[in-house]
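These notes concern the structure reproduced below.
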Amino acid sequence: MPERTCRIAIIGAGPAGMAAAVSAVEAGAENVLVIDDNPRPGGQIWRGETDDATAREWMQKFEPCGAALLGQTRIVAAPQPGVLLAENGAKTLTIRYEKLILATGASERFLPFPGWTRPNVMGAGGLQTLAKGGLPLEGKRVVVAGSGPLLLAVADEMWHMGARIKCIAEQAAPNAVMRLGLRLLGSPGKLAQAVQLKLRLFGVPYRMGWHPLQVDGADGTSGDDSDAPVASVTLTNGAAKRIQIPCDYLACAFHLTPRLELAHLLGCDTEWIERQCQRRTTVDAWQRSSVEGVYCAGESTGVGGVDAALIEGRIAGYAATGAQDRARPLLKQRDAWRRFADAMNETFAPRPELRMLPEPRTIICRCEDVRYEQVVAKESWRAAKLHTRHGMGACQGRICGGAAEFLFDWSARSSRPPVCPTRMKTLAERPSADQKGD
Amino acid sequence: MKRAYDILIAGGGIVGAACADELARRGADVCVVEAECAGSGATAAGMGHVVVMDDSEAQFALNHCSQQLWNELREALPENCEFDGCGTLWAAADEEEMNEARRKADHYAARGVAAEILDSAALAEAEPNLRPGLAGALFVPGDSVVFAPCVAKWLLDRAMENGATLITGKRIVELRSDGAVLNDGSIISAKRMVNAAGSLAPQLTPGIPVRPRKGHIVVTDRYPGFVRHHITELGYLKNAHASDRDSVSFVVQRRMTGQVLLGSSRQFDVTDAAIEPGILARMIQRALEYMPGLGQLNTIRCWAGFRAATPDNLPLIGPHPTRENLWLATGHEGLGITMAPGTGRLLADLMLDGEALIDPAPYLPARFANSEARHG
């Protein structure tokens, strides 16, 4: 089996991973390897980005910096300390490292409501990706709903692709969003960005405190009664008010949630932050996790956006190289971004009443078609799994687990390999040092 | 204060559930205490294979009567129990194993169990994804596969309909002669106790000859038709029970979901349920020797669990030889799913009626009464 040995392995080539690589090389680290499941660097946020100045700046720093990029590669297991098992296309390889930096980013959180599994109801980022891949949005009526700054960014981009954005529904209360807006005054870059977005989207209603209640179908059915494509979405502000908006697509995401599969696999401590409705890795001032030699940076330490990811990536890159003196000047600013991130995550945490959205027939596990009524009375995530197959499908709870944590207060963590579907052959491979053991 | 239950069962795995079902049906006031949720231990970790085995006459007797009870249950089981009468193929790699297949076939035939010898070509037709050139197989059509956690849940639900009490999420810290102390400090009073805690049974009843024997399982995404039966290599018998050393065997089965479940490994003296990449790799390598195409299937999950092994590969069913009011129903090793209904029946016979369906002597814990010190 092919092997790659490196001094520092960085998982994820988004902003945090790129910044970590650039800083580690700058501080003298040799043999830095960045691994990503996409062929190109940039992460979810900068994939194919050309007109964002910060993205350009970091791409220009990263590409010539000397760190190697191993694209189209997914980490599947961690058979022993210092060793990762990975799949690269049809190949299996072993990666040996001295230090590891996890910059695994975040994914959208989906919350179930009646009709959410109908065709043309999609993740906000998912619809964006399909549109970039050629799905024509010209003239299509799109409602964007859920929570977080992501909604604005996605709406903006689809508007540029010719979509008619009928409404942006933000579940967070208006006063909470306003308070966060005031905090933005302390961070000029963010403010400019947000104002610019709002201006471009001028004319699009941005409804704060509103969330989807139900999706109705083109065949006249409502909610979970059929799987006909979406024809309209009913929004509510929690009070008696409801509006029904006809649409061709509903793009939906309830803010982001850190991707922690690899952190859990490696045994890194994570913590549940109740006010943010978010689980994140526990790190110290140098971005060190609870596991010796493993650092975490960016969204995995709590969703914080590009600026927090960049500065955490730089600190982790320096610290993993032993250049704490270079990292020290950054700590204060990192802390400021973290405080802002905490405020943002509290603002966009799903409101408790969203727990009441699913109807008995609403599907909550898409892999196994498990409905709300089957699991609501279960005593734990494990009981739901064993007795209803909830979370037992191909996603292994990566998609439905976040909803289960929010809806039922279940801990849906798993630390068993593989962290993603993996060819069985890959798991038959054993790194050489392991062979004498058994 | 709550009156004392007639019988307290420690463990809500399939064995505890079958005992509760049988005892409650005959009118006993039963309470089951399960540390996590129904069928969450070895019941969930295993493959759910209902198989007639013939390592010994005693093993065969309990297996055979259990399988008949399974066939009676079959109609009543809900869909989520995934009862699949797919039969077992015992795959023979060479002539030596083929001789073993023939011996087994005769042995089964003499005892009224249907079994059929397949030659190399017939095996290839029955399971096209096996590598070419295997010598043949023994096909046992009466064997089946179930999704055991849901069966355990269903049996416990039925026990509750008959008046049983189920306590989940609480762990027994002490099993006494008049009840049990739970981890929240509460006490459940009962006249008699049944230790059905599987591989954890010795923690509640020190000294019984049960050792945890770890096993790994791999499950794939859905590939309907890739495997058509439960297949076990005949080398399994040599591999699994020949010695105390770590061993792996090729065992694969189809699930009703279209998924493929792969086993098996056996390890003594490990108590950590973490996946061990070394033995997992060995287990998969063994499987690839038999079914190379498995290598390209997407694996979605691996896990490990613990069988409750005894020195003579027979379970412990009956009264504890020395401790008052204590009964055992554990030690089923890899046959807990198969033997659960027979165990429930036998235990209830012994505890309530005194007249047993089959001869209970080979399973009585008293057979180890003089050797406790060795295994303690």
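Computed from a prediction, not measured in an experiment: that's the story for all the values here. Order of the sequence lines sets the chain letters (A, B, ...), proteins ahead of strands, with each chain counted from 1. Just the heavy atoms: all of them, side chains too, but no hydrogens, waters or symmetry mates, feed the values below.
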Point-to-point distance, once rounded to the nearest 0.5 Å, from CD1 of B:Ile275 to CG of A:Leu427: 9.5 Å

Select one option (side chain, backbone, both, neither) describing which atoms of B:Thr43 are under 4.5 Å from chain A's heavy atoms. neither

Say you draw a straight line from CD of A:Glu429 to CG of B:Leu280; how long is it, rounded to the nearest 0.5 Å? 12.0 Å

Does A:Lys425 reach the side chain of B:Gln296, with side-chain heavy atoms less than 4.5 Å apart? yes

Please check this pair: side chain of A:Arg416 against backbone of B:Arg301, looking for a donor-acceptor N/O pair closer than 3.5 Å. no

What distance separates A:Arg423 CZ from B:Asn298 CG, expressed to the nearest 0.5 Å? 7.5 Å

Leading residue by heavy atom contact count with chain B [cutoff under 4.5 Å; candidates A:Ala77, A:Pro418, A:Ala394]: A:Pro418

First locate atom CD1 of B:Ile300, then atom CE of A:Met424, and finally report the distance between them rounded to the nearest 0.5 Å. 11.0 Å

Identify which part of A:Cys420 has an atom lying under 4.5 Å from any heavy atom of chain B, answering side chain, backbone, both or neither. backbone

Heavy-atom cut-off 4.5 Å, strictly under: side chain, backbone, both or neither for B:Glu276 against chain A? neither

All pairs passing salt bridge (charged side-chain N to carboxylate O under 4.0 Å, His left out) where residues 73-83 of chain A contributes a residue, at least two apart: A:Arg74-A:Glu87

Output for pair (A:Gln396 CD, B:Asp221 CG), nearest 0.5 Å, gives 9.5 Å

Counting heavy-atom pairs closer than 4.5 Å to chain B, which one of A:Glu368, A:Met392, A:Arg382, A:Lys378 comes out on top? A:Arg382

Take B:Cys37 and A:Glu379 through the side-chain contact (heavy atoms from CB on, under 4.5 Å) test and state the conclusion after the steps. CA-CA 8 Å; B:Cys37 62; A:Glu379 59 262 57; 3.5 Å; yes

Test side-chain contact (heavy atoms from CB on, under 4.5 Å) on A:Arg389 and B:Glu82; report intermediate values, then the result. CA-CA 12 Å; A:Arg389 302 192 59 82; B:Glu82 298 176 23; 3.6 Å; yes

List the residues meeting side-chain hydrogen bond (donor to acceptor under 3.5 Å, both in side chains) with A:Glu359, not counting sequence neighbours, and say none if there are none. none

A:Thr426 OG1 to B:Ile284 CD1 distance, which is reported to the nearest 0.5 Å: 9.0 Å

Report which part of B:Ser40 has an atom under 4.5 Å of a heavy atom belonging to chain A: side chain, backbone, both, or neither. both

With respect to chain A, which residue among B:Leu288, B:Thr257, B:Val218, B:Val219 yields the maximal number of heavy-atom pairs within a distance under 4.5 Å? B:Thr257

Given 3.5 Å as the limit, does a donor-acceptor pair link the side chain of A:His387 with the main chain of B:Ala38, or not? yes

